[in-house]
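Read through the structure below, which is laid out as C-alpha cells, and then see the notes.
In each ligand, atom 1 is the first atom listed, and ligand 1 is the first ligand listed. Hydrogens, waters and symmetry mates play no part in the numbers below; they use all other heavy atoms, side chains included.
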Amino acid sequence: MKIHKIVDRTFFGMKTNIYLIEAENPVLIDSGYKSGHKIISEIDKITGRLSAIVLTHNHPDHAGGAYKLSQKYECPVYIHELDLSSLRFPAEKIGNRIQLGDFEYLEVIPTPGHTSGGICLYDRKSKILFSGDTIFSNGNFGRFDLNGGSRVDLIESIRKLRKLDISTIYPGHDDVVIENAKENIEEAYKTLLALDS
Ligand SMILES: [Zn+2]
Ligand SMILES: [Zn+2]
C-alpha cells in the first residue's frame, strides 16, 4: 500500500490530515470538513475511486465531508458504533478490519478517550498506525474534555498502543511521526498519567 497525505483546511485556520491509501481497495481515512475541490482532485489524480471511507471519529473536522465523498465515489462510510449516532448522515458500523486487498488489511483498534468511539488503524506488517486524534507528534495527545471524552479511557487506549510494534504514526493533525514513534507514545503516556484528573 502507498499512503498519500492530504491536508485539509477546516475552520479557525485549523488543518486536518486526510490519508488516501492507494491499494487494490483504495481507502480514505477521514474526509476533512467539507471535502472540497482540492481533496476530490487529489483522489481523482491518485486512485480515481474509493472502496470505503473510514472515520477515526465523529468530529466535523474529520467527518464533515464524508457524506459528500461517499455519494461521489459510491462507497460506504465506516465509523465505530459509539460515534455513529451523532453523525448527521448514514454510515455503517466498522468491524475488526478494513480489507485493502486479498492479503492486505488494517486492524481496527478501538481507542476511546478523545471521543467514545475513536479508533486507530494499524498495519501490522509495516508497523504503521493511523492515530486520528488519539496521539500526535511531539508526545501530544487528543483532548479528553469534549463530549464523550475521558482521561481514564485515553490512558487505557494509549496503554494499548504501547504494546504494539509501531514505527510510523500518521495522526489526524500535525506532522507524521517517522522517527521515535515508540518514544513518542511513551512521552504522551507519561504526560497524561502525570496530569491531575
Ligand atoms: Zn477530534
Ligand atoms: Zn481533530
Minimum-distance atom from the Zn ion (ligand 1) among N, O or S atoms of H59:
ND1

To the nearest 0.5 Å, tell me how far S137 OG sits from I169 CD1.
9.0 Å

Round to 10° and report the angle made at the Zn ion (ligand 2) by OD2 of D61 and NE2 of H173.
90°

Can you name the closest pair of heavy atoms from R162 and K182 and give their distance?
O-NZ, 3.8 Å

Does the side-chain hydrogen bond (donor to acceptor under 3.5 Å, both in side chains) test come out yes or no for T134 and T111, once each step is laid out?
CA-CA 7 Å; T134 297; T111 49; 3.2 Å; yes

Apply side-chain contact (heavy atoms from CB on, under 4.5 Å) to residues H62 and D133 and explain how you reach the verdict.
CA-CA 9 Å; H62 299 261; D133 281 2; 3.0 Å; yes

Compute the angle centred on the Zn ion (ligand 1) spanning OD2 of D133 and NE2 of H57, and express it rounded to 10 degrees.
90°

Flag H62 as yes if one of its N/O/S atoms falls below 2.8 Å of the Zn ion (ligand 1), otherwise no.
no

